[in-house]
Amino acid sequence: MVEAPSATTADLLPRTVLDRPGPKVAPDLLGCVLEHETADGLVAVVLTEVEAYDGQTDPASHAYRGRTARNAVMFGPAGYAYVYFTYGMHFCVNVVCMPAGTASAVLLRAGKVIAGEDLARRRRSVRSERDLARGPARLCQALGIDRRLDGADLCVPGSPLRLRAPLPAQVGVPPAGERGGGADAANRSGQKALIATGPRVGVREGADVPWRFWLDGEPTVSVYRPWVPRRR
DNA sequence: TTGATGATTCGCT
DNA sequence: GCGAATCATCAAT
């Protein structure tokens, strides 16, 4: 009767890790694994690029102008998925941070597929493996994420959409001994070195804060584009 | 109601 | 490099 869960509680990222401001949480999400289980199968990616949005103090955040029907999940407790639809055709997924009442989130911008590659390829007609989840909308397409997952809990084993703690040697990061320097964060997870930061992609206001984080050297990281006004 | 815009991607030149 | 695709959302009528 009882089915064995695909993930145990110990594998998943503890909600307490997410119960902090987005800009603090964001770099810690690099190297974590996002997985989505559907009737078609499971696809999992290692996160290689993320962006923080700090709620009501951040003019680039969807939560800047207060709570609405769309962004309601961001005002809830940490550890849930905020999925939104944009440009008439794309979905993007965020990890909600901070306790209920405070809106803060991290946009998952890119990842490297480590499981279910066949299924991911079927969902995305694309030639190269690196482009499967290179970009926030591509990542959602590869994983089959849409608005039905808005509000999904990422921190419980029974959820279809889950966030796992970092696995060692999943991304092309050298062993700890060869990295030198700043060892604290690196040692904790085994692969937290080589994190680069810069301004967020495609935002008009708030382009001055370096709240985009990525694993330096990862080919799956999307390219930077500054904001440009759209022609009418 | 209406109108502008967007945390993007893809295809064509 | 440039423009189209395409529609939910929100601020302004």
Side-chain angles (χ1 to χ4, degrees), chain A residues 18 21-27 29-30 34 45 47-75 80-98 103-113 120-152 154 161 163 196-214 219-232:
Chain A
L18 305 173
K24 299 280 188 195
V25 172
L29 290 182
L30 295 174
L34 181 71
V45 301
L47 299 176
T48 58
E49 181 189 2
V50 298
E51 276 178 3
Y53 288 85
D54 204 19
Q56 299 196 261
T57 64
D58 178 6
S61 171
H62 287 173
Y64 184 56
R65 287 162 212 284
R67 178 179 182 140
T68 65
R70 174 171 74 153
N71 66 26
V73 173
M74 261 203 283
F75 288 81
Y80 290 80
Y82 165 49
V83 181
Y84 67 89
F85 183 66
T86 190
Y87 287 103
M89 64 191 89
H90 296 304
F91 296 100
C92 296
V93 62
N94 293 248
V95 176
V96 172
C97 302
M98 296 292 282
S104 191
V106 176
L107 170 70
L108 307 182
R109 285 199 58 91
K112 174 184 169 65
V113 175
R121 276 183 187 281
R122 261 177 277 141
R123 288 174 171 152
R124 288 193 34 73
S125 52
V126 71
R127 307 144 192 79
S128 71
E129 180 190 336
R130 72 139 54 170
D131 286 343
L132 279 176
R134 191 191 198 200
R138 291 165 166 181
L139 184 146
C140 282
Q141 199 182 358
L143 288 173
I145 294 173
D146 62 26
R147 272 252 294 271
R148 286 172 298 187
L149 290 164
D150 188 36
L154 300 169
L161 190 63
L163 195 53
T197 72
R200 294 170 292 184
V201 174
V203 300
R204 178 166 41 170
E205 299 181 89
D208 49 332
V209 290
W211 283 353
R212 176 178 179 235
F213 303 83
W214 66 93
T220 52
V221 173
S222 57
V223 295
Y224 177 72
R225 273 179 306 94
W227 176 82
V228 284
R230 279 215 296 157
R231 246 203 45 145
R232 292 240 358 163

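Note on naming: letters A, B, ... go to the chains in the order of the sequence lines (proteins, then strands), and numbering restarts at 1 for each one. Since this is a predicted model, take the numbers as computed values, not measurements. Atoms considered below: every heavy atom in the structure, side chains included; atoms not considered: hydrogens, waters and symmetry mates.
The side chain to side chain donor-acceptor pair (under 3.5 Å) search around A/Asp54 returns A/Ser104, not counting sequence neighbours. Not counting sequence neighbours, A/Arg122 has no partner by the side chain to side chain donor-acceptor pair (under 3.5 Å) test. Evaluation of the ring pair (Phe, Tyr, Trp, His ring centres under 6.0 Å) rule for A/Tyr64 yields no partner, not counting sequence neighbours. A/Tyr84 meets the ring pair (Phe, Tyr, Trp, His ring centres under 6.0 Å) test with A/His62, A/Tyr82; sequence neighbours excluded. When the side-chain contact (heavy atoms from CB on, under 4.5 Å) test is applied to A/Ala196, the partners found at least two apart in sequence or on another chain are A/Trp214, A/Asp216.
For residues 60-73 of chain A, the set of pairs meeting the salt bridge (charged side-chain N to carboxylate O under 4.0 Å, His left out) definition, not counting sequence neighbours, is empty. Applying the salt bridge (charged side-chain N to carboxylate O under 4.0 Å, His left out) test to every pair with at least one member in residues 126-143 of chain A, sequence neighbours left out, gives these pairs: A/Asp131-A/Arg134.
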Using residues 219-227 of chain A as the side-chain source, report each donor-acceptor pair under 3.5 Å to any protein atom, sequence neighbours left out, with the distance given to one decimal.
{"from": "A/Thr220", "atom 1": "OG1", "to": "A/Thr48", "atom 2": "OG1", "distance (Å)": "3.1"}
{"from": "A/Thr220", "atom 1": "OG1", "to": "A/Glu218", "atom 2": "OE1", "distance (Å)": "2.7"}
{"from": "A/Ser222", "atom 1": "OG", "to": "A/Glu49", "atom 2": "OE1", "distance (Å)": "2.7"}
{"from": "A/Ser222", "atom 1": "OG", "to": "A/Glu49", "atom 2": "OE2", "distance (Å)": "3.0"}
{"from": "A/Ser222", "atom 1": "OG", "to": "A/Arg109", "atom 2": "NH2", "distance (Å)": "3.3"}

Give the table of side-chain donor-acceptor pairs shorter than 3.5 Å for residues 139-147 of chain A, with sequence neighbours excluded, one pair per line with atom names and distance.
{"from": "A/Gln141", "atom 1": "OE1", "to": "A/Arg124", "atom 2": "NH1", "distance (Å)": "2.9"}
{"from": "A/Gln141", "atom 1": "NE2", "to": "A/Arg123", "atom 2": "O", "distance (Å)": "3.2"}
{"from": "A/Asp146", "atom 1": "OD1", "to": "A/Arg148", "atom 2": "N", "distance (Å)": "2.9"}
{"from": "A/Asp146", "atom 1": "OD1", "to": "A/Arg148", "atom 2": "NE", "distance (Å)": "3.1"}
{"from": "A/Asp146", "atom 1": "OD2", "to": "A/Arg148", "atom 2": "NE", "distance (Å)": "3.1"}
{"from": "A/Asp146", "atom 1": "OD2", "to": "A/Arg148", "atom 2": "NH2", "distance (Å)": "2.7"}

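Tested against A/Val96, the residues A/Val25, A/Val73, A/Leu18, A/Leu154 include a single side chain to side chain contact (heavy atoms under 4.5 Å, CB included) partner, A/Val73.
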With Watson-Crick and G-U wobble geometry limited to distances under 3.5 Å, how should the secondary structure of DNA chain B be encoded in dot-bracket form, using | for bases paired to another strand and [ ] for crossing pairs? ||||||.|||||.
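If you check every strand for non-hydrogen atoms under 4.0 Å, A/Arg147 touches sugar and phosphate atoms only.
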For nucleotides 7-13 of chain B, 5' to 3', base contacts (B), sugar-phosphate-only contacts (S) and non-contacts (-) with protein non-hydrogen atoms under 4.0 Å give BBSS---
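The footprint of chain A on DNA chain C, defined by a heavy-atom cutoff below 4.0 Å, extends from C/dA5 to C/dA11.
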